[in-house]
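What follows is a single structure, written as structure tokens, with notes after it.
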Protein chains: 2
Amino acid sequence: MSPTSSSDVLIRKLQTISDIREAEIRVLKNIPIQEKDFLVNHDLVREGDQPVYSFVVLEGLIGSTKYTGEGKRQITSFFVAGDIPDLHGLHLSVMDCNFSTLTPARVGFIRHDALRSICDQHPRIAAAFWRSTLIDAAIYREWVTNVGRREAYTRMAHILCELICRMRSVGRIEDHVADIPITQAALGDALGLSTVHVNRMLQELRREGLIATTGSRVHARDWAGLTRAGDFDTTYLHQKNPAD
Amino acid sequence: MSPTSSSDVLIRKLQTISDIREAEIRVLKNIPIQEKDFLVNHDLVREGDQPVYSFVVLEGLIGSTKYTGEGKRQITSFFVAGDIPDLHGLHLSVMDCNFSTLTPARVGFIRHDALRSICDQHPRIAAAFWRSTLIDAAIYREWVTNVGRREAYTRMAHILCELICRMRSVGRIEDHVADIPITQAALGDALGLSTVHVNRMLQELRREGLIATTGSRVHARDWAGLTRAGDFDTTYLHQKNPAD
DNA sequence: CGACTAGTTGAACGGAATCAATAGAGGTGG
DNA sequence: CCACCTCTATTGATTCCGTTCAACTAGTCG
């Protein structure tokens, strides 16, 4: 495999959240991963599925989504490069949510039985995976709070902060310029807002000089100001070395 | 220990979500658990803490809570008898949320090192614990959806359905009559609503004949109707044997 | 009995949704 | 190359769900 293979993306991510050693890295490098590309708005996994694979995000943005009986969509979390969004499928046989591409994306599929045998033989890797799912849960908790108790403007700033932080921690961002080709409709579904209101909140963030957007590029012009506006604190991301 | 000791509550719960055998049950029965009673609105764990214990709920209702910079509280999930709300503390050293009693409660503290050595020696128990944290995450996901995309009336019905389902699965409810001495303010903090509006939604549910309340007792008079009104589907609870 | 907490009610306000229309960007095919 | 189509972003006007403010009631406890 090449120096920046799909397993390297996974390993880099695990290193940002846990202490894994040479021995484990060697094991991880040998996991069979089947890469595949997808267009935007493609369901990788659907509610009710009983998959035998989990997947690692290699490129692009994935969302876990749920639909209400009325057909409204809620994105319950984002997943960036290195994340394994449906790792919980390893222990929960029936999926309770969908996983969809929010941008064009490349992902790598890993068989559950491969993951299980690695977990059995390498407790430190198992612990790292467990930890990874616990961080996902911490992020869900923050999202409940964000959607439930923050107003639209703060909510929007908060989610941008999270995205930028997470992408930066896996080396997908230089400074605070993120290339996130996500639609305003998707942002709305993540924030529990209408697209119209998403648009207005972004305008307000621009007007305040906190962000600049050129096409799909989001630039945090005033990171300190943006975190303040977003009531953002990195604790819940549980990164080993928060970038700032 | 007596027949219905604190470890029995834990074991019963684990049996509703995973297949554990006699061997594991024997191990679990011998975990040292330190019981303690608390009044309502008591913080058992605070954001920023680095606890060396986790706790199992024995009696009463616990909430994981977060506060926004503006001081608004959001309850991000409920925890009922048998649940271990802060099990994630085992792998995430710094707490990113609080755990507070929403009713008077009895909980049992278990040392992290005791849990770790059990997980090391009994992979099936480790898997059950991991699974338990994954179900917590599934519930968080549902809450994001509930708060983000359902309107107040549906939201309220949904949360009542969840509470009743979860309490029933651990034998805390006869039929559909739940003794939940939870305040309307707490319900508001869980739903992202004001107490005033909580009150009105409860009235509407009563008017529709879906529930009846006598003091702290909530009676689901029309379970089918309530689940319909709440857009409720038990899948996300991942119970082995859903009661209906 | 007074003080506190929880629940209830009414009126007015406001944040965000909805509806509707327009503009722009990218892609496709004749 | 341009006409056409679709998707996304933008803007304005109106509506409405839920908040806020402010009483008031009822139960509980010291």
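Within every chain, numbering begins at 1; the chains are lettered A, B, ... in the order of the sequence lines, protein sequences first and strands thereafter.
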Heavy atoms only, 4.0 Å cut-off, all strands: where does [X] land among base, sugar-phosphate and nothing?
X: Arg206(A); answer: sugar-phosphate
X: Gly192(B); answer: sugar-phosphate
X: Ser194(B); answer: base
X: Arg150(A); answer: nothing

Gln184(B) side-chain N/O to dT8(C) phosphate OP1/OP2 under 4.0 Å: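 Affirmative; the distance criterion is met.
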side-chain N/O Asn199(A) vs dA9(D) OP1/OP2, d < 4.0 Å: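 No, Asn199(A) has no side-chain N/O under 4.0 Å of OP1/OP2 on dA9(D).
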Rounded to whole Å, please give me the gap between [atom1] in [X] and [atom2] in [N].
X: Ile180(A); N: dA9(D); atom1: CD1; atom2: P; result: 13 Å
X: Met201(A); N: dT10(D); atom1: CE; atom2: P; result: 13 Å
X: Ile211(A); N: dA9(D); atom1: CD1; atom2: C1'; result: 14 Å
X: Gln203(B); N: dA6(C); atom1: CD; atom2: P; result: 18 Å
X: Met156(A); N: dA9(D); atom1: CE; atom2: P; result: 11 Å
X: Asn41(B); N: dA6(C); atom1: CG; atom2: P; result: 7 Å
X: Arg149(A); N: dG15(C); atom1: CZ; atom2: P; result: 16 Å
X: His197(B); N: dT20(D); atom1: NE2; atom2: C1'; result: 13 Å

Residue Arg200(A), side-chain heavy atoms: nucleotide from dG12(D), dC21(D), dA11(C) that is nearest: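 Ranking dG12(D), dC21(D), dA11(C) by closest atom to the Arg200(A) side chain puts dG12(D) first.
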Which nucleotide in dT19(D), dT9(C), dG7(C) has an atom nearest any side-chain atom of Leu193(B): dT19(D)
Along DNA chain D (nearest heavy atom to each residue), the more 5'-positioned of Thr183(A) and Ala152(B):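 Result: Thr183(A).
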Trace of the ring pair (Phe, Tyr, Trp, His ring centres under 6.0 Å) decision for Phe78(B) with Trp143(B): CA-CA 10 Å; Phe78(B) 292 140; Trp143(B) 279 47; 5.2 Å; yes
Side chain proximity check, Phe55(B) to Leu44(B), heavy atoms < 4.5 angstrom: yes
Arg166(B) side chain near Phe79(B) side chain, heavy-atom distance below 4.5 Å: yes
Check against side chain to side chain donor-acceptor pair (under 3.5 Å), Thr154(A) and Asp231(A): CA-CA 7 Å; Thr154(A) 316; Asp231(A) 189 21; over 6 Å; no
Distance-only donor-acceptor check, side chains Tyr236(B) and Glu162(B), under 3.5 Å: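 Their side chains do contain a donor-acceptor pair, which is all the 3.5 Å distance test asks for.
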